[in-house]
Amino acid sequence: MNIYQENVMDHYKNPRNFGKMKKPDVVSKDANMLCGDEIEIQVKIKNGKIDDIRFSGPGCAISRASGSMLSELVKGKKISDIKKIKDDDLIGMMGIELTPIRRKCALLSLRVLKNGLEKA
Amino acid sequence: MNIYQENVMDHYKNPRNFGKMKKPDVVSKDANMLCGDEIEIQVKIKNGKIDDIRFSGPGCAISRASGSMLSELVKGKKISDIKKIKDDDLIGMMGIELTPIRRKCALLSLRVLKNGLEKA
Amino acid sequence: MFDAKKIREDFPILKRKVNGKTLVYFDNAATTQKPVQVINAIRDYYENHNANIHRGVHQLSQEASQMYEDAHHVVGKLIGAKWDETIFTRNTTEGLNLVMYAWAMRKLKKGDEIISTVMEHHSNMVTWQFLKEMGIKLKFVGINDDGTLKMEDYDKLVTRSTKLITVVHASNVVGTINDVRKIGKIAHDNKALFVVDGAQSVPHMPVNVKKMDADFLAFSAHKMLGPTGMGALYGKRSLLQSMDPFMYGGDMIKQVTLEKSTWNDLPWKFEAGTPNICGGVAFAEAVKYLERLKMKNVRKHEEEITKYAMERMSEVDGLKIFGPGDYRNRGGVLSFNLGEIHPHDLATILDEFGVAVRSGQHCAAPLIHLLKAHATTRASFYVYNTKEEVDYFIDVLNKARKVFG
Amino acid sequence: MFDAKKIREDFPILKRKVNGKTLVYFDNAATTQKPVQVINAIRDYYENHNANIHRGVHQLSQEASQMYEDAHHVVGKLIGAKWDETIFTRNTTEGLNLVMYAWAMRKLKKGDEIISTVMEHHSNMVTWQFLKEMGIKLKFVGINDDGTLKMEDYDKLVTRSTKLITVVHASNVVGTINDVRKIGKIAHDNKALFVVDGAQSVPHMPVNVKKMDADFLAFSAHKMLGPTGMGALYGKRSLLQSMDPFMYGGDMIKQVTLEKSTWNDLPWKFEAGTPNICGGVAFAEAVKYLERLKMKNVRKHEEEITKYAMERMSEVDGLKIFGPGDYRNRGGVLSFNLGEIHPHDLATILDEFGVAVRSGQHCAAPLIHLLKAHATTRASFYVYNTKEEVDYFIDVLNKARKVFG
Ligand SMILES: Cc1ncc(COP(=O)(O)O)c(C=O)c1O
Ligand SMILES: Cc1ncc(COP(=O)(O)O)c(C=O)c1O
């Protein structure tokens, strides 16, 4: 199955919430060992909810598309709810089948976000 | 082929020149790593010839029989001639076929003798 | 219970003739034979899945990576360990050297003490001698006449400087099965690490790292139906995490700059370079084979053969067996001497009749000297050995006695 | 010259389908596929000869011992070395770690210097970083834009404290073939040891340790048609003799007491424990296969394929190849990027069409950063690759360009 579906390519080519913000409340960063790609997520929090989010860093189509989709998903959500997002929820949203190695690309953004919120 | 021929067994059970002597001119010793067996050879030299020889130490039938045969062979011989004895000469004398590992048992005495004469 | 005769059909080499006779393979403590399932797993790996692991996104690499990771699960499970506490090594020897280099050399200091035993295989003895240069003291628990450990020695030897206690679980010479639970408790009561040489136990009986509370346990695939060039080292996760790697190279690294590096997760941190991928896959296949038989049955079968062999050997004039007299306290390893016949001669005569045994010092020279032997002959059994083979072996022993009469 | 299409028939895996397409295996720098001759040698070993080596007087043990010793002769001969200067290791990584632990760690002292290059694989970089704790300095020769070494850096870096110079013979990323004769001369003119990483040269071209005057040369069997879990380290005999062992255990020892041990002859001194016997036998079979093809023909074939691939790739819009522009100065390793497409995405698309390439940092993160890339895609060739495969590969690259257009 081709994983580069229209949906994925759209988020890859036009990633939502891509870039950096001024004065974030939370900054979290991690790398995917496999490729050396790094992702940084910045978050503004208001009343226990994510008020705004930005992600940045070099990445493959899968990691960037998942970052983009994740950012849309979590914006406005309660932090306690975000902690409940499961790996398969995000992958399910992407609507593609991934091999174990590419799953890591898809899940990098979620891990970085959760790690960041853990410390918040 | 059975290597425990009558000839070999005779030398094993009644090794010639087995034991130690008083005041040897040369003493040489070495071990067969494989089994931990050690052989010691003592030699008396007169006019460039081996006047008397003794060998001792624990050993398998093959190493003891070869030590015994070797001692008979070299007694009275010129040292320069002994240095020319080849591995296959000794094995040939035993009249048996040996695998590479058992060859080491058979050749231990010759090596010990030659090393001793080297230093003499 | 399983039927050894049925099992034999899985082992192609057992059909081989040696010197015109059917092979009787009694050298299992040195290495075991391999069932067709393991041989086929190797072939299948190379014919269908071979690739380098970890970093490839292509299909073959993903398959090989998965198979190799799965192998860690299978091998770990056998000894009650998590997959990521199960490091693949070349053999038991490398496992013990890993502990020496990556733990002892870096964590111990002058004056610290290590307690081993006189019963050890060279790999669990010479390895620790290396630390003497650093001023680390090596002490040895002795043995009784029946080849059991002098357990009372631990009381005398343990001091506040004791930092590591190591012991062979089952001896490859005298067969003794040591009380690892008790020794482990002594180690931990004294805040020392407990390191177990499982080369002769893991292949032959149920072994559980949690029950013996081992900090490290090393064993070899080739002694348990698996391929050569493979082994495993169990290590407690917290310990492994606190350590730096042993070897350095690809796949054990998270980030590298010219100046420094950070380490990968377990177990990869300790598996530098391209590992023996096929070896891991074949090792797992061997473990699956043993698990189908069940380890408690493997042990039961060996007890039966050992009991029978001890009985039959006691009928042979002048034959002396080393080690514990009760088969229940020993593994299926029988070291013996027959009158004055040199072990090499005995092994050669046995070989002429197709019986493969080992002769010599069995990589345990200090122990052999304590037994007041120059060398011994050793017969050791495994799942495919039968009482009929023992009978044949006894016949040949009697023939040897006549030749050397 | 040989016919790659004929050769393909010897490789069962090349008939495999991946994602419905015939496999095009272009990941040879990571590991190569295995011919049926090697697979059969493994099978034959386990079905007919398997035993532990060295100390057994029985038939199987003698056969296995002979086969394993012979394997050292075969592998040594390939690189112009004597059999007992050819130590079998798990892989290149272990070979280099052996030099670090058994030579550098014990012979070097605070203030001594090692010169490596920025082009190294992690195994020839991180390994030496370990010595920093001892106060040993690590320096790096840089690279030019075309991925060749800045040879003039040696002049600047060499001092009287330089004790070891190490270099990769052929790069696994940029393909550069380094002038090892010249670098070896610099090393020896300055009384430094010369250590060569031959992982990507020995499999692909004639290599002779005497001609390059290497003190140590490490390489891996799995990258040259051989099994995983096998490699070799050449070391000059006088050096090997002057060294203490790396690992400690069975078979590397002459005499052992509780107090101390003396070492066995070469090469056994450096092969502690039960070695990868079957791996050695299979490695020799792989080398024999290559020698039948002749190493100069292997090189010629790769030059042809590489030249052709570089030409065809230059036709692809936005494709940039790293490393020397002249195929004669490089091995059959082409690292490239295609526009802005991330290497992982490119490799995934290629995989969907059955083409196996590697993507990432190729265990050479510092070099990748110097190339100002985050990662690259790498196609690497071997004896069984054809121009038709290259054509197909180019077609898929063009398809990828459209998906990401
Ligand atoms: C140049 C180079 N050196 C060293 C290595 C390490 O080889 P191995 O993983 O077999 O130890 C490799 C293989 O990736 C390599 O390409
Ligand atoms: C008790 C014991 N420990 C360690 C070893 C060493 O095992 P290996 O040679 O597989 O490293 C052996 C095998 O001979 C053994 O019997």
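These values consider heavy atoms only, across backbone and side chains, with no hydrogens, waters or symmetry-generated copies. Note on naming: letters A, B, ... go to the chains in the order of the sequence lines (proteins, then strands), and numbering restarts at 1 for each one.
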Interchain contact, C:Thr89 with chain D, by part (heavy-atom threshold 4.5 Å): backbone
Residue part contacting chain C, namely of D:Ser220, when any heavy atom lies under 4.5 Å: neither
Residues from residues 362-370 of chain D approaching chain C under 4.5 Å (heavy atoms): D:Cys363, D:Ala365, D:Pro366
Contacting moiety of D:Leu60, where chain C heavy atoms sit under 4.5 Å: side chain
Among D:Ala272, D:Gly231, D:Gly280, D:Pro245, residue most engaged with chain C (heavy-atom pairs, under 4.5 Å): D:Ala272
Chain C contact via D:Pro343 - which portion, at a heavy-atom distance below 4.5 Å: neither
Within 6.0 Å of NZ in C:Lys21, more than 12 heavy atoms from elsewhere: yes
Residues which pass ring-ring contact (aromatic ring centres under 6.0 Å, His included) with C:Trp128, listed by chain and number, not counting sequence neighbours: none
C:Ile53, part contacting chain D, at a heavy-atom distance under 4.5 Å: backbone
Sorted by number, residues from residues 93-102 of chain D in contact with chain C (heavy atoms, under 4.5 Å): D:Thr93, D:Glu94, D:Asn97, D:Met100, D:Tyr101
Contacting region of D:Gln62 [heavy-atom separation from chain C under 4.5 Å]: neither
Interface moiety of D:Leu350 toward chain C, non-hydrogen atoms closer than 4.5 Å: neither
Contacting moiety of D:Asn50, where chain C heavy atoms sit under 4.5 Å: both
Which portion of D:Met125 sits near chain C, non-hydrogen atoms under 4.5 angstrom: side chain
Region of C:Thr257 that comes under 4.5 Å of a non-hydrogen atom in chain D: backbone
Residue selection (most heavy-atom pairs with chain C, distance under 4.5 Å) from D:Ile277, D:Thr348, D:Val36: D:Ile277
Per-residue contact mode, D:Lys15 against chain C (heavy atom under 4.5 angstrom): neither
Structural part of D:Arg106 lying under 4.5 Å from a heavy atom of chain C: side chain
Which portion of D:Gln129 sits near chain C, non-hydrogen atoms under 4.5 angstrom: side chain
D:Phe88 and D:Tyr68 aromatic ring geometry - parallel, tilted or perpendicular at 30°/60° bounds: perpendicular
Per-residue contact mode, C:Phe11 against chain D (heavy atom under 4.5 angstrom): neither
Set of side chain to side chain contact (heavy atoms under 4.5 Å, CB included) partners for C:Thr117, sequence neighbours left out: C:Met119, C:Glu120, C:Val141, C:Leu149, C:Tyr154, C:Val167
Contact class of C:Leu258 relative to chain D, heavy atoms under 4.5 angstrom: both
Residue pair C:Asn276 / D:Met230, side-chain heavy-atom distance below 4.5 Å: no
Heavy-atom contact with chain C under 4.5 Å, split by part of D:Tyr46: both
Aromatic ring pairing D:Phe393/D:Phe26, orientation class (parallel under 30°, perpendicular over 60°, tilted between): perpendicular
Residue part contacting chain C, namely of D:Val126, when any heavy atom lies under 4.5 Å: both
Any side-chain heavy-atom pair of C:Met105 and C:Leu131 under 4.5 Å: yes
D:Arg16, part contacting chain C, at a heavy-atom distance under 4.5 Å: side chain
